[in-house]
Amino acid sequence: MKIQEADAKRLLLAEGLPVPAWEVARSPAEARAAASRLLHETGQVVIKAQVLVGGRGKAGGVKLASSDDEAEHVADAILGMQIKGITVRKVLVAAAADIVKEYYLAAVLDRGARRILLMGSAEGGVEIEQVAAEKPEAIVRIHADPLLGLQDWQAREMAFRLGLGRHLKAAVAIGKGLVRTMLVNDADLVEINPLAVVRGGGAPGAPGGEEQLVCLDAKITLDDSALFRHPTHEAMRDPDEEAPADAEARRHDISFIHLDGTIGCMVNGAGLAMTTMDLVKRAGGEPANFLDIGGGAKADRVAAAMRLILAEPRVEAILVNIFGGITRGDEVAMGLIEARRQQSRDVPMVVRIVGTNAEEAASLLEQAHFETATTLDEAARKAVAAAASQSAGGAA
Ligand code: GDP
Ligand code: MN
């Protein structure tokens with residue numbers, strides 16, 4: 001789950017990281033009021049679109065203002081703006097920093113190494129993917145120890161390699177703080193871009209005139225599978241930005257991930273879902289999604305899964321692969337029959353149900369004239385063939 005900058009900054013602040021004071025505003029008047037409270041800090045405020053996409057600056061969603069009048073005006077321009085297809089409904093108003101230099105620093109999950117990776121670059125401000133593509137040597141990578149975490153010497157090494165020797169103490173605290181923020185929140189990304197050296201009161205309470213190191217932007221993604229361990233994090237879900245399909249999948253306890261192919265897959269169990277996707281590929285097709293209806297699914301969950309799959313216009317055939325254990329085959333069959341009755345468009349479907357109540361399922365499906373398969377290979381082959389004839393028909 002991606003969270004908004006304001007929430008991410010709150011999590012950073014909770015770990016003691018330096019973040020300039022901010023408020024969230026939902027209207028130009030609120031932005032004006034926030035600015036009037038924050039302008040005394042540095043004489044300027046920065047107003048930033050709160051949308052869950054990067055590159056807001058480039059899109060015109062980050063602007064400075066030097067008075068409350070100007071803040072109101074700028075907020076009015078940013079609110080309602082579309083950034084990468086998302087409407088801006090709120091802005092963050094923060095005490096603006098006087099930037100000397102921008103850096104990039106992030107704690108990310110390196111799945112390959114099965115470790116937390118601290119990634120830094122002195123080429124901050126720009127998107128890190130661009131740095132990685134054009135100047136990979138400008139990215140410093142340091143893996144945290146799986147048992148000991150990020151150690152002081154590692155954080156110092158990062159600071160020196162970024163040229164932050166003059167801000168050693170702050171840089172070490174921030175590097176370690178990012179890893180800590182990741183661990184205590186079960187995040188899989190904690191990214192600061194830019195981490196900036198700023199002149200004077202860049203952070204609340206900072207002595208004037210001196211340079212400080214502060215987090216000007218914050219992007220955090222939380223691990224969905226660990227959300228149950230953090231009940232307060234649920235409040236950070238932004239309903240403005242959750243795709244309707246994702247919200248429906250969550251309501252029905254379905255794990256659902258969109259992919260680019262044409263074969264919709266409905267499976268129970270994550271391992272079986274992945275196997276099914278592999279076999280679709282081996283049969284020459286491309287899966288349109290990963291979808292796990294979980295254990296013990298009843299007819300209504302099956303029908304919801306079908307709606308999710310069919311909502312994707314690219315889907316040209318559906319492969320249902322259910323291994324009945326706790327899940328009863330006849331329940332799934334009834335769900336499929338009901339789903340097909342409600343379904344808005346006619347898409348060929350191949351069903352394989354084995355295990356608990358498979359015979360009952362088979363006779364229900366036969367009565368309803370469903371195409372079935374006994375082996376997974378056969379099911380995948382039939383689904384791929386059905387999709388191919390659909391697209392041939394569509395092109396004709
Ligand atoms: P992003 O474009 O979505 O990543 O949004 P950022 O928060 O990173 O802002 C984009 C750019 O705006 C930064 O790289 C900075 O150059 C600039 N910016 C952000 N905050 C401030 C600030 O407090 N003062 C100044 N002068 N510039 C800022
Ligand atoms: Mn940024």
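This chain uses plain numbering: 1 for the first residue, then up along the sequence. For the numbers below, each heavy atom of this structure counts, side chains included, while hydrogens, waters and symmetry mates do not. Each ligand, and each atom within it, is numbered from 1 in the order the structure gives.
- If you check which protein heavy atom lies closest to atom 27 (N) of ligand 1, you get Ile99 CD1, 3.3 Å.
- Checking Arg56, Glu102, Gln44 against atom 15 (C) of ligand 1, the nearest heavy atom belongs to Glu102.
- No side-chain heavy atom of Glu70 sits under 4.5 Å from any side-chain heavy atom of Ile47.
- In terms of protein heavy-atom proximity, atom 23 (O) of ligand 1 is closest to Ala97 N, 2.8 Å.
- Around the NZ atom of Lys135, the shell of radius 6.0 Å holds no more than 12 heavy atoms that belong to other residues, nucleotides or ligands.
- An N or O contact shorter than 3.5 Å links Asn193 to ligand 1 by distance.
- The name of the N, O or S atom in Asp217 nearest to the Mn ion (ligand 2) is OD2.
- A salt bridge does not link Asp346 to Arg340: none of the charged nitrogens lies less than 4.0 Å from a carboxylate oxygen.
- Polar contact check, Asp217 against ligand 1: a nitrogen or oxygen pair lies under 3.5 Å apart.
- Applying side-chain contact (heavy atoms from CB on, under 4.5 Å) to Glu5 and the options Val24, Val51, Ile220, Leu92 leaves one that passes, Leu92.
- When non-hydrogen atoms are compared, ligand 1 lies under 4.0 Å from the side chain of Lys48 (C-beta onward) but not from its backbone.
- Look at Asp330 and Arg328 and you find a salt bridge, because one of the NZ, NE, NH1 or NH2 atoms lies within 4.0 Å of a carboxylate O, short of that distance.
- The closest side-chain heavy-atom distance from Leu222 to His230 is not below 4.5 Å.
- With distances taken over non-hydrogen atoms, the option nearest atom 21 (C) of ligand 1 out of Asp98, Val45, Val214, Val46 is Val46.
- Nearest to atom 2 (O) of ligand 1 by heavy-atom distance, out of Ala96, Gly57, Gly124, is Gly57.
- Looking at Val62 next to ligand 1, no N or O pair under 3.5 Å apart turns up.
- With Asp238 as reference, Gln4 is the one residue of Gln50, Gln4, Arg89 to meet the side chain to side chain donor-acceptor pair (under 3.5 Å) rule.
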